[in-house]
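Just so you know, residue 1 is the first one in the sequence shown, and it goes up from there. Given the structure is predicted, the values throughout are model-derived calculations rather than measurements.
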Amino acid sequence: MRYEIQYRYLIKGTSGPFSLMKSTQQPDLFGQVVDSLSDCTGMQRQGFFHEYRDSDPLPSASVLKDIIDLCRAIFFPGFYGRNCISQSTLKYTMGVQVESLYNLLVKQIAAGLCFCTKTAEGESNDPFFAKAQDIASYIIESLPRLRKTLETDVVAAFNGDPAATDYGEVISCYPIIKTLINYRLAHELYMLHVPLIPRMLTEMAHSETGIDIHPGATIGHHFTVDHGTGVVIGATCIIGNNVKLYQGVTLGARSFPLDDQGHPIKGIPRHPILEDDVIVYSNATILGRITIGKGAIVGGNLWVTEDVPAGTRVVQYRK
């Protein structure tokens with residue numbers, strides 16, 4: 001009630017420190033604010049304004065979600081998408097889904113290329129669409145290989161969790177599988193130098209599952225993350241085969257080297273390398289371009305900034 005009374009007080013325009021301005025003052029103020037917000041000139045505003053051309057497609061988060069839904073249904077039919085498919089209808093359903101996926105990929109890849117490339121007024125977008133068609137064709141060709149890798153991830157999650165009853169439960173319920181579908185598609189697009197779209201795909205998974213994997217990271221087969229929430233894997237990470245992480249693990253970078261202008265130097269390896277058969281337990285933080293050797297185990301709640309030899313077990317010191 002007290003807030004309602006204050007609100008009515010303001011609306012009446014009663015004098016006081018919080019009284020509303022007179023209506024005659026508003027046009028001048030609004031004009032000044034609009035002029036200031038519309039000023040996109042000058043070095044300080046570069047990169048914060050995207051000028052749209054009528055012929056440019058724009059990336060769409062909702063369409064990218066449709067792409068992920070299609071990929072999940074293609075990789076694991078019956079668990080995602082339509083649940084009433086059978087052996088007799090699978091080939092037909094798969095054909096429709098693959099064709100739809102190709103068409104959506106072409107448009108979104110072209111949108112990413114257009115969005116991140118400044119073109120002159122009147123210049124055709126045909127080259128972008130031609131390149132998008134080539135990239136989308138490669139992705140479609142890669143689907144069987146990606147599915148095979150994702151199946152190893154399901155096996156790793158199942159074998160690494162005594163609570164898992166079967167593969168179907170892992171596919172349907174485990175956040176790491178949903179995340180890896182996004183990541184493995186995004187990584188393919190990233191390696192083909194598609195701008196913006198790969199990061200959008202992995203950030204969608206991040207929002208959905210709490211697992212943050214940069215599309216630039218390299219991850220081998222039979223990879224899993226138990227529980228998953230709070231895991232961060234940086235852009236230049238290299239993760240081998242049969243690696244398992246637990247919740248809260250960070251594979252990050254130390255402080256960045258700066259150039260002469262004080263800006264972070266981009267494109268240098270700055271995240272850890274995890275060799276095959278490594279296990280990292282919950283809330284461990286591993287920073288910098290260091291190597292965790294084959295078969296090493298890193299205990300929970302540790303801060304690691306130096307190489308760990310193969311086969312080593314790193315745990316908290318007990319007195």
Side-chain angles (χ1 to χ4, degrees), residues 47 50 57-61 63-72 74-75 101-102 104-117 127-150 152-153 176-221 223 225 228 231-241 243 245 250-253 256 264-274 289:
H50 175 73
L58 287 174
S60 167
V63 176
L64 289 176
K65 182 181 184 304
D66 292 339
I67 287 174
I68 290 303
D69 289 341
L70 274 172
C71 284
R72 291 177 179 180
I74 289 169
F75 292 138
L101 177 61
Y102 171 80
L104 293 179
L105 279 171
V106 169
K107 293 178 182 179
Q108 290 307 296
I109 292 169
L113 294 171
C114 290
F115 188 86
C116 295
T117 305
F128 294 130
F129 277 95
K131 184 175 181 180
Q133 288 173 333
D134 291 340
I135 294 172
S137 296
Y138 177 83
I139 295 298
I140 296 299
E141 185 181 359
S142 303
L143 292 178
R145 171 174 56 84
L146 294 177
R147 183 178 71 173
K148 185 176 180 180
T149 303
L150 286 164
T152 72
D153 300 328
I176 185 55
I177 302 305
K178 296 176 181 178
T179 301
L180 286 175
I181 291 172
N182 288 48
Y183 157 75
R184 295 207 182 275
L185 174 63
H187 182 70
E188 294 293 320
L189 294 169
Y190 183 90
M191 297 303 293
L192 294 168
H193 306 291
V194 175
L196 188 62
I197 304 300
R199 193 65 187 272
M200 291 178 71
L201 291 173
T202 53
E203 287 303 323
M204 287 166 58
H206 184 196
S207 298
E208 182 181 6
T209 67
I211 303 172
D212 182 4
I213 305 178
H214 192 283
T218 302
I219 301 177
H221 58 74
F223 175 72
V225 178
V231 166
V232 177
I233 299 175
T236 61
C237 276
I238 300 176
I239 298 176
N241 302 319
V243 170
L245 310 180
T250 296
L251 306 180
F256 312 116
I265 300 175
K266 305 282 186 175
I268 59 174
R270 59 191 186 278
H271 298 99
I273 299 171
L274 274 59
R289 194 58 163 187

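- The distance from atom CD1 of I109 to atom CG of L104, rounded to the nearest 0.5 Å, is 10.5 Å.
- Within the model, atoms CG of L201 and CD1 of I181 stand 12.0 Å from one another, a figure rounded to the nearest 0.5 Å.
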Side chain to side chain contact (heavy atoms under 4.5 Å, CB included) between I197 and L64: does it pass, once the steps are laid out? CA-CA 8 Å; I197 304 300; L64 289 176; 3.7 Å; yes

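- Between L113 and K131, the closest side-chain pair of non-hydrogen atoms falls below 4.5 Å.
- With T209 contributing its side chain and I211 its backbone, the two residues share a donor-acceptor pair below 3.5 Å.
- Listed for the T236 side chain is a donor-acceptor partner under 3.5 Å among the backbone atoms of R270.
- Atom CG of L58 sits about 9.5 Å away from atom CD of Q108, to the nearest 0.5 Å.
- Atom CD1 of I74 and atom CG of L150 lie 12.0 Å apart (nearest 0.5 Å).
- Counting all heavy atoms, side chain and backbone alike, P272 lies closest to G252 at CD-O, 3.4 Å.
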Let me have the donor-acceptor pairs involving side chains of residues 137-144, under 3.5 Å, with sequence neighbours excluded, atom names and distances please.
from: S137; atom 1: OG; to: Q133; atom 2: O; distance (Å): 2.8
from: S142; atom 1: OG; to: Y138; atom 2: O; distance (Å): 2.8
from: S142; atom 1: OG; to: R145; atom 2: NH2; distance (Å): 3.1

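- Closest approach of A111 and P59 over heavy atoms only: CB-N, 3.5 Å.
- With sequence neighbours left out, the ring pair (Phe, Tyr, Trp, His ring centres under 6.0 Å) criterion links F75 to no other residue.
- For the pair G220 and R184, the tightest heavy-atom approach, listed with the atom from each and the gap, is O-NH2, 2.9 Å.
- Side chain of T202 to backbone of R199: a donor-acceptor contact under 3.5 angstrom is found.
- Nearest heavy-atom pair, C71 versus L185, reported as atom, atom and distance to 0.1 Å: SG-CD2, 3.7 Å.
- Every side chain to side chain donor-acceptor pair (under 3.5 Å) that D69 has, sequence neighbours left out, goes to K65.
- Partner of F223 under the side-chain contact (heavy atoms from CB on, under 4.5 Å) criterion, out of T149, I233, L274, N241: I233 alone.
- Looking only at side-chain heavy atoms (C-beta outward), I67 and L105 come within less than 4.5 Å of each other.
- You'll find the side chain of I135 reaches within 4.5 Å of the side chain of L189, heavy atoms only.
- Contact record, F128 with C114: CD1-SG, 3.3 Å, taken as the closest heavy-atom pair.
- For R289, the CZ atom counts as densely surrounded, since its 6.0 Å shell holds more than 12 non-hydrogen atoms of other residues, nucleotides or ligands.
- L146 contributes atom CG, which lies 10.0 Å from atom NE2 of H187 (distance to the nearest 0.5 angstrom).
- Note: E208 CD to T179 OG1 = 7.0 Å, rounded to the nearest 0.5 Å.
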Would V194 and E188 count as a side chain to side chain contact (heavy atoms under 4.5 Å, CB included) here? Give the steps. CA-CA 9 Å; V194 175; E188 294 293 320; over 6 Å; no

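- Judged by distance alone, the side chain of D212 and the main-chain N or O of H206 form no donor-acceptor pair under 3.5 Å.
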